[in-house]
Amino acid sequence: YKTCIFTNDNDATHFGAFYKKKLIGIVSYFHQSQLDYSNPNSWRIRGMATLEEYRNKGIGRALINDGREFVKNNRGEIIWCNARESAVFFYKKCGFIIISEKFDIDNIGPHYVMIDKLS
(Lines give C-alpha, C1' and ligand atoms only; values in the text may rest on other atoms or scores of the structure.)
Protein backbone atom coordinates (compact mmCIF):
# COMPACT_ATOMS: atom_id res chain seq x y z
CA TYR A 1 0.00 0.00 0.00
CA LYS A 2 2.92 2.33 -0.68
CA THR A 3 0.67 4.35 -3.02
CA CYS A 4 -1.43 5.33 0.01
CA ILE A 5 1.47 7.15 1.67
CA PHE A 6 2.15 10.73 0.58
CA THR A 7 5.23 12.90 1.01
CA ASN A 8 4.83 14.86 4.27
CA ASP A 9 1.97 12.55 5.31
CA ASN A 10 2.89 13.09 8.97
CA ASP A 11 2.27 16.84 8.53
CA ALA A 12 -1.27 16.34 7.24
CA THR A 13 -4.54 16.25 9.12
CA HIS A 14 -6.46 13.09 8.36
CA PHE A 15 -10.21 12.57 8.66
CA GLY A 16 -12.01 9.25 8.65
CA ALA A 17 -15.65 8.24 8.49
CA PHE A 18 -16.60 5.14 10.45
CA TYR A 19 -19.66 2.92 10.48
CA LYS A 20 -19.85 0.32 13.27
CA LYS A 21 -16.10 0.74 13.89
CA LYS A 22 -15.33 0.12 10.19
CA LEU A 23 -13.37 2.81 8.33
CA ILE A 24 -15.52 3.62 5.29
CA GLY A 25 -14.15 6.98 4.10
CA ILE A 26 -10.95 9.01 4.30
CA VAL A 27 -9.49 12.37 3.32
CA SER A 28 -6.24 14.15 4.16
CA TYR A 29 -5.66 17.90 4.32
CA PHE A 30 -2.18 19.36 3.73
CA HIS A 31 -1.28 23.02 4.38
CA GLN A 32 0.03 23.59 0.85
CA SER A 33 -0.34 26.31 -1.79
CA GLN A 34 -1.49 25.51 -5.31
CA LEU A 35 1.21 26.59 -7.78
CA ASP A 36 -1.07 28.43 -10.22
CA TYR A 37 -3.26 29.94 -7.50
CA SER A 38 -0.72 30.79 -4.84
CA ASN A 39 -2.11 31.64 -1.43
CA PRO A 40 -0.21 30.91 1.80
CA ASN A 41 -3.50 30.07 3.51
CA SER A 42 -4.29 27.20 1.14
CA TRP A 43 -4.94 23.59 2.07
CA ARG A 44 -4.75 20.65 -0.31
CA ILE A 45 -7.01 17.60 -0.27
CA ARG A 46 -5.34 14.29 -1.03
CA GLY A 47 -6.41 10.70 -0.73
CA MET A 48 -10.18 11.30 -0.76
CA ALA A 49 -11.97 7.94 -0.88
CA THR A 50 -15.15 6.22 0.24
CA LEU A 51 -15.74 2.49 0.08
CA GLU A 52 -17.89 1.74 -2.95
CA GLU A 53 -20.81 0.29 -1.01
CA TYR A 54 -21.08 3.51 1.05
CA ARG A 55 -20.94 6.00 -1.84
CA ASN A 56 -23.84 8.36 -2.58
CA LYS A 57 -24.84 8.42 1.08
CA GLY A 58 -23.28 11.78 2.02
CA ILE A 59 -20.11 10.38 3.55
CA GLY A 60 -17.74 12.19 1.17
CA ARG A 61 -19.65 15.45 1.58
CA ALA A 62 -19.44 15.08 5.38
CA LEU A 63 -15.67 14.56 5.15
CA ILE A 64 -15.37 17.68 2.96
CA ASN A 65 -17.54 19.70 5.36
CA ASP A 66 -15.58 18.57 8.44
CA GLY A 67 -12.34 19.42 6.65
CA ARG A 68 -13.73 22.79 5.56
CA GLU A 69 -14.45 23.68 9.20
CA PHE A 70 -10.99 22.52 10.22
CA VAL A 71 -9.37 24.66 7.51
CA LYS A 72 -11.47 27.71 8.44
CA ASN A 73 -10.51 27.25 12.11
CA ASN A 74 -6.86 27.28 10.99
CA ARG A 75 -7.27 30.56 9.05
CA GLY A 76 -7.43 28.78 5.71
CA GLU A 77 -8.85 30.66 2.75
CA ILE A 78 -8.70 28.08 -0.04
CA ILE A 79 -9.05 24.33 -0.31
CA TRP A 80 -7.78 22.77 -3.54
CA CYS A 81 -7.30 19.36 -5.08
CA ASN A 82 -6.29 17.53 -8.21
CA ALA A 83 -9.70 16.00 -8.92
CA ARG A 84 -10.01 12.88 -10.99
CA GLU A 85 -12.23 13.48 -13.99
CA SER A 86 -14.72 10.98 -12.54
CA ALA A 87 -14.93 13.01 -9.29
CA VAL A 88 -15.47 16.49 -10.80
CA PHE A 89 -19.26 16.31 -10.39
CA PHE A 90 -18.86 15.39 -6.69
CA TYR A 91 -16.53 18.31 -6.01
CA LYS A 92 -18.80 20.71 -7.90
CA LYS A 93 -21.70 19.63 -5.67
CA CYS A 94 -19.45 20.48 -2.70
CA GLY A 95 -18.83 24.02 -4.02
CA PHE A 96 -15.50 23.57 -5.80
CA ILE A 97 -14.76 25.13 -9.19
CA ILE A 98 -12.35 24.04 -11.93
CA ILE A 99 -9.35 26.34 -12.43
CA SER A 100 -7.25 24.30 -14.88
CA GLU A 101 -7.32 22.51 -18.18
CA LYS A 102 -7.55 18.73 -18.06
CA PHE A 103 -4.20 17.05 -17.38
CA ASP A 104 -3.03 13.47 -16.91
CA ILE A 105 -1.32 11.99 -13.89
CA ASP A 106 0.74 8.92 -14.82
CA ASN A 107 -0.91 5.60 -13.99
CA ILE A 108 -4.02 7.38 -12.64
CA GLY A 109 -5.63 9.28 -15.51
CA PRO A 110 -7.22 12.64 -16.32
CA HIS A 111 -7.56 15.31 -13.62
CA TYR A 112 -8.51 18.96 -13.10
CA VAL A 113 -7.32 21.38 -10.43
CA MET A 114 -10.35 22.47 -8.41
CA ILE A 115 -10.65 25.02 -5.60
CA ASP A 116 -13.10 26.01 -2.91
CA LYS A 117 -12.72 29.64 -1.83
CA LEU A 118 -13.73 29.86 1.82
CA SER A 119 -15.35 33.06 3.00
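Note that the structure is a prediction, hence the values are computed from the model and not measured. Computed over heavy atoms, backbone and side chain alike; hydrogens, waters and symmetry mates excluded.
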Within one Ile-Leu-Val-Met-Phe-Trp-Tyr cluster: I99 and F103, side-chain cutoff 4.5 Å: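 Per the 4.5 Å side-chain linkage, I99 and F103 are co-clustered.
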
[X] side chain near [Y] side chain, heavy-atom distance below 4.5 Å:
X    : Y    : answer
L63  : I26  : no
E53  : I24  : no
D116 : L118 : yes
I45  : I64  : yes
I98  : V88  : yes
R44  : H31  : no
I79  : I115 : no

Rounded at 0.5 Å granularity, tell me how far [atom1] in [X] sits from [atom2] in [Y].
X    : Y    : atom1 : atom2 : answer
E69  : K72  : CD    : NZ    : 5.0 Å
T13  : N74  : OG1   : CG    : 7.0 Å
C81  : M114 : SG    : CE    : 6.5 Å
R84  : M48  : CZ    : CE    : 12.0 Å
H111 : N82  : NE2   : CG    : 6.0 Å

Contact list for residues 64-91, test ring-ring contact (aromatic ring centres under 6.0 Å, His included), sequence neighbours left out: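 Of all non-adjacent pairs touching residues 64-91, those that pass ring-ring contact (aromatic ring centres under 6.0 Å, His included) are F15-F70, W43-F70, Y91-F96.
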
Neighbour count >12 (heavy atoms, 6.0 Å) for atom CG, N73: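 It does: N73 CG has more than 12 such atoms within range.
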
NZ/K92: more than 12 non-hydrogen atoms of other groups inside 6.0 Å: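 Open.
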
Any donor-acceptor N/O pair, S100 side chain to V113 backbone, under 3.5 Å: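 Side chain of S100 to backbone of V113: a pair is present.
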
Partner set under salt bridge (Lys or Arg N to Asp or Glu O under 4.0 Å) for E85, not counting sequence neighbours: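 Partners of E85 by the salt bridge (Lys or Arg N to Asp or Glu O under 4.0 Å) criterion, ordered by chain and then number, come out as K102.
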
Contact summary for S42 and S33, nearest pair of heavy atoms: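 Closest approach of S42 to S33: CB-CA, 3.8 Å.
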
Nearest atoms (heavy-atom pairs only) where L51 meets K22: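 Heavy atoms only, the tightest pair is CD1-CE, 3.7 Å.
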
Salt bridge flag under 4.0 Å for residues E77 and R68: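 Looking at E77 and R68, the cut-off is not met.
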
